[in-house]
Number of protein chains: 2
Amino acid sequence: MSKKKEVTTETQILEAAKHVFQNKGMDGARMQEIADEAKINKAMLHYYYRSKQLLFEAVFKNAFLLLAPQLNKVLNDDSSIEDKIRNFTSNYISFINKHPYIPNFIIQELNRNPNFISNISEQAIFPNIDKFKKQVEIEVQQGILKPIAAEQLFIHLLALNVFPFIAKPLVKAFLHLEDKDFKQFMESRKKEVADFIIHSIKA
Amino acid sequence: MSKKKEVTTETQILEAAKHVFQNKGMDGARMQEIADEAKINKAMLHYYYRSKQLLFEAVFKNAFLLLAPQLNKVLNDDSSIEDKIRNFTSNYISFINKHPYIPNFIIQELNRNPNFISNISEQAIFPNIDKFKKQVEIEVQQGILKPIAAEQLFIHLLALNVFPFIAKPLVKAFLHLEDKDFKQFMESRKKEVADFIIHSIKA
DNA sequence: TTTTGGTTTAACCAAGTGGTTAACAAATGT
DNA sequence: ACATTTGTTAACCACTTGGTTAAACCAAAA
């Protein structure tokens with residue numbers, strides 16, 4: 001096994017593919033555009049990744065592996081529900097500011113091909129809600145939280161944090177925000193969302 | 001002006017285009033597929049709508065005109081904030097059950113081409129937040145609501161209602177739901193979401 | 001130096017793509 | 001009745017698409 005330039009070319013391709021796929025989606029992306037952006041010959045894309053579909057899947061899994069730990073942290077560590085909500089809300093918004101394309105990319109392509117999730121949902125990294133659920137039940141029983149289904153709370157948390165990024169053009173239009181204002185709006189949501197949730201669920 | 005079959009053919013095309021565009025998006029849709037589904041010759045698409053882009057825009061505006069009144073009702077009628085939240089949450093979820101493709105379609109294509117929203121945001125139908133904002137301020141001042149920015153509340157409301165539909169494949173996977181369970185989950189959210197918001201904001 | 005193996009390239013290809021055209025059919029107007 | 005406009009069709013076209021191939025390249029092993 002010689003490796004010569006394998007590493008650089010292969011990663012160059014993946015980086016370019018990330019950028020193009022995440023901006024244009026599977027259908028809108030063009031292999032030639034990826035090759036141009038990676039500054040390599042188009043044939044190299046197939047040499048390393050065989051087909052557009054497989055290159056896309058590599059990008060998709062790569063994105064999902066970046067996102068999953070963010071969720072797992074909330075679901076599996078031992079801090080209180082309140083702390084988890086505060087931490088997640090703050091961390092997630094910072095995370096997305098660094099990778100603004102990810103949530104939309106994942107959701108967009110998952111809607112295009114819903115079967116695709118079974119490829120991933122079996123992996124160990126895939127977020128599991130069980131521990132979070134038990135913890136909510138305990139805190140409800142202890143009188144820390146008002147009665148609430150953990151599933152609903154979890155989706156509330158996701159919705160409040162993820163939606164504004166996915167619907168960014170819509171939010172900007174509704175609230176008459178420029179890009180700079182939008183960023184500020186999201187920054188203030190770090191505290192706003194956490195407070196909003198905790199006000200609602202604390203006994 | 002003669003009309004012969006204009007009406008039926010033109011609407012047949014629009015219906016087929018709706019279906020195809022909303023399932024596959026602008027890039028994934030094929031003119032031939034739309035023609036096949038409308039059971040007419042492909043040339044008719046261009047005869048009535050000139051180009052793929054214009055046909056797409058017709059579909060897009062059509063979808064937006066269906067969605068906007070749902071929001072305007074919340075923003076512009078005179079009931080209390082609490083009533084508005086309860087009504088919207090219940091009505092919106094029912095509305096999406098009838099048109100499950102709409103929110104994802106709009107957000108997906110708006111992210112693909114964010115400039116596109118300026119085509120629509122100038123129209124009178126475009127939701128305006130001003131009245132809602134004043135109303136929130138008044139109810140806060142009257143001590144009915146805890147202090148909260150109307151903009152944040154509005155996005156909270158949208159997020160909690162819209163997100164689960166957009167992220168349906170993800171929600172299903174996280175919570176291990178089948179389609180039937182998902183529908184039931186969304187049904188229970190009609191009350192759940194409204195209660196959740198109101199618990200949080202009521203003084 | 002020569003051989004060997006993975007790496008890279010330009011040229012190519014078949015299958016689709018949105019869009020057009022010219023001829024034809026069906027109404028409508030006179 | 002005839003002419004004119006409107007609706008419909010099949011065939012066609014230029015161009016783009018993902019993918020292939022055969023030859024060239026080039027570092028390291030022999």
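Sequence lines set the chain letters: A, B, ... in the order given, protein chains first and strands last, and positions in each chain run from 1.
The two residues B:Pro147 and B:Val140 have their closest heavy-atom pair at CA-CG1, 3.8 Å.
Of the possible polar contacts, none joining the A:Ser90 side chain to the A:Asn87 backbone as a donor-acceptor pair under 3.5 Å is found.
For A:His46 and C:dT7, the NE2 to C1' distance is 16 Å, given to the nearest whole Å. For the pair A:Leu45 CG and D:dT17 P, the computed distance is 14 Å after rounding to whole Å. Protein atom OH of A:Tyr49 is 17 Å distant from nucleotide atom P of D:dT20, rounded to whole Å. For B:Lys52 and C:dG19, the NZ to P distance is 8 Å, given to the nearest whole Å.
Contact between the side-chain N/O atoms of A:Tyr47 and the OP1/OP2 oxygens of C:dT9 is not found at any separation under 4.0 Å. When the side-chain nitrogen and oxygen atoms of B:Thr9 are compared with OP1 and OP2 of D:dT8, one or more of them lie within a distance under 4.0 Å.
Within residues 27-44 of chain A, the residues approached by DNA chain D to less than 4.0 Å at the level of any non-hydrogen atom are A:Ala29, A:Arg30, A:Met31, A:Lys42, A:Ala43, in residue-number order.
Side-chain N/O atoms of A:Gln141 and A:Glu137 include no donor and acceptor closer than 3.5 Å. Looking at A:Gln135 and A:Lys84, their side chains do bring a donor and an acceptor atom within 3.5 Å of each other.
With distances taken from any side-chain atom of B:Tyr48 to the nucleotides C:dG19, D:dT8, D:dG19, the minimum falls on D:dT8.
A salt bridge does not link B:Asp195 to B:Lys202: none of the charged nitrogens lies less than 4.0 Å from a carboxylate oxygen. In this structure, B:Arg112 pairs ionically with B:Glu109, as a charged nitrogen and a carboxylate oxygen lie closer than 4.0 Å.
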